[in-house]
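Reviewing the structure listed below.
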Amino acid sequence: MTTFALVDGNNFYVSCERVFNPKLEGKPVVVLSNNDGCAVARSLEVKALGVKMGTPWFQMKDLARQHGIIALSSNYTLYADLSNRMMSVLRMFSPDQEVYSIDECFLKLDGFGFDLSGYGQIIRQRVHRWTGIPVCVGIGSSKTLAKLANHVAKKRPQWNGVCDLGSLSESELHALMASIEVGEVWGVGRKIQEKLAAMQIHTVLDLKQADAGQIRRSLSVVVERTVMELRGISCLALEEMAPAKQQIMCSRSFGAPVMLLTDLREAVTSHASRAAEKLRRQASVAGAIHVFICTSPFREEDPQYSQGLTIPLPDATSDTKKLVKAVLWGLRQIYRPGYRYAKAGVMLMNLSPAATQQNSLFADEGADEESARLMQTMDLINRKRGKDSLFIASAGVRKHWQMKQGNKSPCYTTDWGELAVVRC
Amino acid sequence: MTQNSWGGPRPGSGRKPVSEPTVTLRVPVSHKETVVALVQRLKSSPVVRVPSWLEVHALAEQPPFLAIPLMSHSVRAGFPSPADDYIEKRIDLNEELIQHREATFFLRVRGHSMVGAGIDDGDELIVDRAVTPAHGRIVVAVVDGELTVKRFFQRDGVVKLVAESADFADIEFKDGQEMVIWGVVTKVIKSV
């Protein structure tokens, strides 16, 4: 029988901040998105105040003053480092690991014996001891059940952070499943939940006991698979290799609203450069590029405008210069003066491996090779001398539009100049 | 004797139909049996299964990059350098100073309460969170929400953090007060 564990960091970003700043322990803390815009992580104390994921900062300012909520800018360098540490500690516990996101991974525990709860506790203590990150462990015979178990471990203190559904009798399992809303099941979003409700399926147990054929007919084969997974029939295998991304997105909200085309040009150039760098890192080329700009939906008093354009590329490429050229042309088409733009972004699409690239009839192969060498050199210099040592001039030098990171913690673990201070 | 036992085709005689050119091989008499047996086995199992790891290797278009220690002198047909036998990799401080990579952090010291232990203001500490704090070890603990470095004392029911300087008082922990040890200091880095 298959056995999966899902290990996942509790309020991961907030926990990362607390490792080096113990003062934040027990206090309400939010981490805000890139532009200091919206809550992307909330401590338990903040969740208890009813702040939802994605709430814009200016909407919770009053609440923050009232309850002393501490707002931090996101420090992805720190989170990525602690995530890597956490994942390598977890790798010690199973030969098969799938890193599912920055703060969660699946481990395969087939044939690991009977006391999986005990094993889960060891995992939990080791990760906390070694990295400072508190985690919860959910164990089940399919990935969907492991996810559900993790939800139980996290929400119900009597489980002490580890829930092994395999340790329950059938009647205990059913009682537990009857007490959880079907919307908590992995893959059941709001829309599916509404449709299920119409079929009188409200709890996890209802879904487990539903007629699989009927579910397939009225919803989809994907939801049918979820039903099978809830019954303990593993349909989703561990994906040990992260598949190359099919799209690469790079977008940021501006520090302050932007009105001028020149500022937008700088921003999209910068985003396109960053996206192209990621594209080259995964050895792919893009067949099309999408550019979009929009005003802030949160500023209801402002006139609203939002537009995007996809530009197909004659030859798939990963050359920053070509991508930037396409994106600036696209921006010119969609830009309208007079709006206060809050966000701009670039998305690379139709990705394919660079090795299987097919050139158009008119491609100049010599020039391609030259551009590939130039890009390689640029990436090398930027890796050695730091991000943006070399950049496309239209990305601008002053970057008024750039995000504010008013309250970002130091890069404690990756920058020798920013080490955490220990009193003595 | 009848005519029909003579002449005509004899089964198995004549030139064998060959699908490919052949070669004659000399094999030692003692190995003949082995070679014949091998050929038979090959014939009886026409599908040769390639192990999956072999296929993976076969797919690589470029040979992997190999790091080879550089010989700093040119090769001469004369007296060989006696040092060649002693090529070793370089010393890697990460390997020497860090036992648990995932659990090791660097912290910078501010203050003077540990001068007696050789820890001065501005030094960097290597702190290993995987090491179990034991009586007498220098630890990083959480005191009033701050990371603090002191010597850990745990004897006869007394738990305290001891300073290594006469100017600083020890920090004692009473029943019910929780002391959180963040990690154990394993090395001190000093500029001289």
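Hydrogens, waters and symmetry mates are skipped; everything else that's a heavy atom, side chains included, is used. All values reported here derive from a predicted model rather than from experimental measurement.
Chain A forms the most heavy-atom pairs under 4.5 Å with one residue out of B:Ile181, B:Val140, B:Leu107, and that residue is B:Leu107. The candidate with the highest count of non-hydrogen atom pairs below 4.5 Å against chain A, out of B:Thr104, B:Val180, B:Val115, is B:Thr104.
Between the side chain of B:Arg108 and the backbone N or O of A:Trp416 there is at least one donor-acceptor pair closer than 3.5 Å. Listed for the B:Arg129 side chain is a donor-acceptor partner under 3.5 Å among the backbone atoms of A:His128.
Considering only heavy atoms from C-beta on, B:Asp121 stays 4.5 Å or farther from A:Cys424 through its side chain. Residues A:Leu419 and B:Phe105 are not in side-chain contact: their nearest non-hydrogen atoms beyond the backbone lie 4.5 Å or more apart.
For B:Gln99, the CD atom is loosely surrounded, since the number of other residues' heavy atoms within 6.0 Å does not exceed 12. Other residues, nucleotides and ligands contribute more than 12 heavy atoms inside 6.0 Å of the CG atom of B:Asp92. Environment of NE2 in B:His135: crowded, with over 12 heavy atoms of neighbouring residues, nucleotides or ligands closer than 6.0 Å.
Using a 4.5 Å cut-off between heavy atoms, A:Leu24 does not touch chain B at all. With a 4.5 Å cut-off on non-hydrogen atoms, B:Glu124 touches chain A through its side chain but not through its backbone. If you measure heavy-atom distances from B:Val142 to chain A, the contacts under 4.5 Å come from the side chain alone. Using a 4.5 Å cut-off between heavy atoms, B:Ser165 does not touch chain A at all.
Contact annotation for residues 130-138 of chain A against chain B (heavy-atom separation below 4.5 Å, listed by residue number): A:Trp130, A:Thr131, A:Gly132.
The heavy-atom pair separating B:Val149 from A:Val422 by the smallest distance is N-CG2, 3.5 Å.
Shown here are the salt bridge (Lys or Arg N to Asp or Glu O under 4.0 Å) partners of B:Glu96, two or more places apart in sequence or in another chain: there are none. Partners of B:Glu102 by salt bridge (Lys or Arg N to Asp or Glu O under 4.0 Å), not counting sequence neighbours: none found.
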Residues 185-192 of chain B side chain polar contacts: donor-acceptor under 3.5 Å, at least two apart:
from     : atom 1 : to       : atom 2 : distance (Å)
B:Thr186 : OG1    : B:Ile126 : O      : 3.2
B:Lys190 : NZ     : B:Gly118 : O      : 2.8
B:Lys190 : NZ     : B:Asp120 : OD2    : 2.9
B:Lys190 : NZ     : B:Asp123 : OD2    : 2.5

